[in-house]
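In what follows, a single structure is set out as structure tokens and then discussed.
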Amino acid sequence: MGDHVFIIAEAGVNHNGDVETAKRLVDAAAEAGADAVKFQTFKAEKLVCRNAQKAAYQMVTTDQEETQFDMLKKLELTTEMHELLAAYCKQKNVMFLSTPFDTDSLRYLVKLGVGIVKLPSGEITNYPLLREAGKTQKRIILSTGMSTLEEVREAVKVLKDNGSEEVILLHCNTQYPTPYGDVNLRVMRTMQKELGLPVGYSDHTQGIEIPIAAAALGAVVIEKHFTLDKNMEGPDHRASLEPDELKRMVEGIRRVEQALGNGTKEASESEKGNISIVRKSIVAARAVKKGEWLTEKNLTTKRPGTGLNPMRWNEVIGKAADRDYEADEMILI
């Protein structure tokens with residue numbers, strides 16, 4: 001990934017179980033300039049107990065009477081849908097990704113040909129899935145929401161002990177939407193320092209400012225939920241970006257990417273022409289006769305900077321003028 005911030009447009013379950021809606025999400029991600037569009041791969045029967053309750057934010061955005069199982073069952077993608085979407089992403093020149101929530105789903109995605117395994121925050125303590133993900137020897141992107149540094153360390157150990165050679169950690173807060181005061185972007189630097197791994201950020205705040213800020217702090221991967229319409233029915237639409245917002249976020253990250261530069265302190269190509277315009281030279285403060293001593297009283301510094309550099313001031317003070325100078329004339333030595 002290098003200097004290029006890898007941007008994942010998280011479609012998630014915002015297709016509402018409809019493949020045509022999912023294809024429109026792929027269109028929007030490609031149009032926005034995202035590197036990848038990501039869905040979710042699961043079978044409700046393997047993901048959640050039938051009587052499990054929904055998260056608080058899901059109670060607000062979906063039918064309060066249904067269980068988490070019932071909600072998720074409606075949001076599954078079939079094998080045929082996966083194949084259609086993977087092919088459609090290839091056609092649109094955007095990478096197809098999907099998050100597995102169990103080992104069977106992971107194996108299926110590997111068979112489908114995904115190049116990156118993206119594991120969600122909720123699976124960071126799922127040893128069997130982490131072990132299986134490590135065995136794929138593919139690049140792993142691991143979200144770390146709700147976890148402690150030690151839990152992240154343990155998850156990385158499982159991945160690496162089982163064959164993972166490249167792991168990228170995404171700082172994340174799993175509340176939808178995430179309060180700005182809970183974002184804690186500095187955790188990215190903490191994980192990078194303590195674990196020695198590249199870091200990124202998976203965002204659930206409203207708006208586009210926080211992922212752009214994460215890019216400025218060095219995130220190598222940015223993930224952000226998006227939808228076709230925030231008013232659609234479903235658990236994640238309200239905390240997602242609409243296509244025009246997604247495009248603005250990508251554009252903002254790309255500008256930050258350019259602005260970060262190479263870290264060398266020097267005049268840029270665009271400003272080199274300004275040096276002679278805005279810097280100063282040593283000039284006569286008033287008329288100076290040949291042989292007159294040059295002093296703090298008869299010298300000053302003024303633009304342009306095409307003459308003697310004022311940092312040589314002490315070399316000039318105390319010398320005799322080599323000729324007559326008019327006021328504002330550049331001093332020569």
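Both backbone and side-chain heavy atoms feed into the values below; hydrogens, waters and symmetry mates do not.
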**Item:** Minimum-distance pair of heavy atoms, taken over all atoms of P243 and L228
**Value:** CD-O, 3.8 Å

**Asked** What do you reckon, is CD of E165 surrounded by more than 12 foreign heavy atoms closer than 6.0 Å?
**Response** no

**Prompt:** In terms of heavy-atom contacts, does NZ of K74 have more than 12 from other residues, nucleotides or ligands at under 6.0 Å?
**Reply:** yes

**Request:** Test E154 against K157 for salt bridge (Lys or Arg N to Asp or Glu O under 4.0 Å), laying out the working first.
**Result:** CA-CA 5 Å; E154 290 174 0; K157 186 176 187 305; over 6 Å; no

**Asked** Please walk me through it: do D35 and V94 pass side chain to side chain contact (heavy atoms under 4.5 Å, CB included)?
**Response** CA-CA 6 Å; D35 296 292; V94 62; over 6 Å; no

**Message:** Counting only heavy atoms from other residues, nucleotides and ligands, does the tally under 6.0 Å from CZ of R24 exceed 12?
**Reply:** no

**Request:** Return yes if some donor-acceptor pair links the side-chain N/O of T41 with the main-chain N/O of P100 below 3.5 Å, else return no.
**Result:** no

**Message:** I need the minimum non-hydrogen distance between Y325 and R323, along with the two atoms involved.
**Reply:** CD1-O, 3.3 Å

**Message:** If we ignore hydrogens and angles and just use 3.5 Å, is the side chain of R303 paired with the main-chain N or O of V278 as donor and acceptor?
**Reply:** yes

**Prompt:** Is it true that a side-chain atom of E326 and a backbone atom of A287 form a donor plus acceptor pair closer than 3.5 Å?
**Reply:** no

**Prompt:** More than 12 non-hydrogen atoms from neighbouring residues, nucleotides or ligands closer than 6.0 Å to CD on E80, yes or no?
**Reply:** no

**Item:** Shortest non-hydrogen contact from V5 toward A219
**Value:** CG2-O, 3.6 Å

**Asked** Are M146 and L170 in one and the same hydrophobic cluster, where Ile, Leu, Val, Met, Phe, Trp and Tyr link if side-chain heavy atoms are under 4.5 Å apart?
**Response** no

**Request:** Please determine which of E10, H225, E245 meets the side-chain contact (heavy atoms from CB on, under 4.5 Å) test together with S240.
**Result:** H225

**Message:** Has N298 got a side-chain atom pairing as donor or acceptor with T295's backbone, closer than 3.5 angstrom?
**Reply:** yes

**Message:** Using the rule given for side chain to side chain contact (heavy atoms under 4.5 Å, CB included), can you reason through I282 versus L294, listing the C-alpha separation, both sets of side-chain angles and the distance that settles it, and then say yes or no?
**Reply:** CA-CA 11 Å; I282 300 175; L294 299 176; over 6 Å; no

**Asked** From L119 CG over to L106 CG, what is the distance, rounded to the nearest 0.5 angstrom?
**Response** 7.0 Å

**Complete:** When I210, T205, I8, I7 are each screened for side-chain contact (heavy atoms from CB on, under 4.5 Å) with K224, the one that passes is T205

**Prompt:** What's the verdict on side chain to side chain contact (heavy atoms under 4.5 Å, CB included) for I124 and L142, showing C-alpha distance, side-chain angles and the deciding distance?
**Reply:** CA-CA 8 Å; I124 199 166; L142 175 64; 4.1 Å; yes

**Student check: side-chain heavy atoms of L195 and R153 closer than 4.5 Å** = yes

Kindly list each side-chain donor-acceptor pair under 3.5 angstrom involving residues 270-277, sequence neighbours excluded, with atom names and distances?
| unit_1 | atom_1 | unit_2 | atom_2 | d |
| --- | --- | --- | --- | --- |
| S270 | OG | S268 | OG | 3.1 |
| E271 | OE2 | S268 | N | 3.1 |
| K272 | NZ | E269 | OE2 | 2.8 |

**Request:** Give a yes or no answer on whether the side chain of T67 reaches the backbone of Q53 with a donor-acceptor pair at less than 3.5 Å.
**Result:** no

**Message:** Can you confirm whether more than 12 heavy atoms, excluding those of K247, are under 6.0 Å from its NZ atom?
**Reply:** no

**Item:** Ion pair R254/E257, N-O distance below 4.0 Å
**Value:** yes

**Item:** Carboxylate-amine/guanidinium proximity below 4.0 Å for E251 and R248
**Value:** no

**Request:** Measure from the side-chain N and O atoms of E151 to the backbone N and O of T148, and report whether any donor-acceptor pair falls under 3.5 Å.
**Result:** yes

**Request:** Run through the side-chain heavy atoms of Ile, Leu, Val, Met, Phe, Trp and Tyr, join any pair under 4.5 Å, and report what else lands in W293's cluster.
**Result:** none

**Request:** Quick one: closest heavy-atom pair of V250 and A34, and the distance?
**Result:** CG2-N, 4.3 Å

**Prompt:** Are the side chains of D104 and K46 in touch, meaning some heavy atoms are under 4.5 Å apart?
**Reply:** yes

**4.5 Å side-chain heavy-atom contact, H171 and V199** = no

**Asked** Taking D182 for the side chain and T178 for the main chain, is one N or O donor matched with an acceptor at less than 3.5 Å?
**Response** no

**Message:** Are the side chains of E45 and R50 in contact, using a 4.5 Å heavy-atom criterion?
**Reply:** yes

**Asked** Any side-chain heavy atom of M81 within less than 4.5 Å of one from E76?
**Response** no

**Prompt:** Going through the distances and angles, do L75 and Q40 end up as a side chain to side chain contact (heavy atoms under 4.5 Å, CB included)?
**Reply:** CA-CA 9 Å; L75 301 173; Q40 294 180 6; over 6 Å; no

**Message:** For I212, is there any backbone N or O sitting under 3.5 Å from a side-chain donor or acceptor partner on Y201?
**Reply:** no

**Prompt:** In Å and rounded to the nearest 0.5 Å, what is the OG1 to CD distance from T99 to E223?
**Reply:** 6.5 Å

**Request:** Look only at the side chain of S164 and the backbone of E166, and say whether a donor-acceptor pair between them is shorter than 3.5 Å.
**Result:** no

**Asked** Taking side chain as C-beta onward, heavy atoms only, is N173 less than 4.5 Å from N184?
**Response** no

**Atom pair CG/CZ of L25 and F226 - distance to nearest 0.5 Å** = 4.5 Å

**Asked** Does the pair D244/K230 count as a salt bridge with the N-to-O cut at 4.0 Å?
**Response** no

**Prompt:** Could you give the distance from CD (Q192) to CG (L169), rounded to the nearest 0.5 Å?
**Reply:** 10.0 Å

**Request:** Measure the CZ-CD1 distance between R312 and I333 for me, rounded to the nearest 0.5 Å.
**Result:** 4.5 Å

**Message:** Quick check on N93: does its CG atom have over 12 non-hydrogen neighbours (other residues, nucleotides or ligands) under 6.0 Å away?
**Reply:** no

**Request:** Identify which one of S143, S202, S98 satisfies the side chain to side chain donor-acceptor pair (under 3.5 Å) criterion when paired with K118.
**Result:** S143

**Prompt:** If two hydrophobic side chains count as joined below 4.5 Å and joins carry through other members, does L241 share a cluster with Y180?
**Reply:** yes

**Message:** Between the side chains of K43 and D102, is the shortest nitrogen-to-carboxylate-oxygen separation below 4.0 Å, so that they form an ion pair?
**Reply:** no

**The single option from N314, N309, L308 passing side-chain contact (heavy atoms from CB on, under 4.5 Å) against M311** = N309

**Prompt:** Does any non-hydrogen side-chain atom of F6 lie less than 4.5 Å from one of I116?
**Reply:** yes

**Prompt:** Got a sec: does the CZ of R186 have more than 12 other heavy atoms crowding it under 6.0 Å?
**Reply:** no

**Prompt:** Is I331 reachable from I317 through a run of hydrophobic residues whose side-chain heavy atoms are each under 4.5 Å from the next?
**Reply:** yes

**Complete:** Closest non-hydrogen atoms of T174 and H204, given as atom of the first, atom of the second and distance, are CA-ND1, 3.9 Å

**Prompt:** Side chains of F101 and L129: closer than 4.5 Å at any heavy-atom pair?
**Reply:** no

**Request:** State the NE2-CD distance between H237 and E242, to the nearest 0.5 angstrom.
**Result:** 11.0 Å

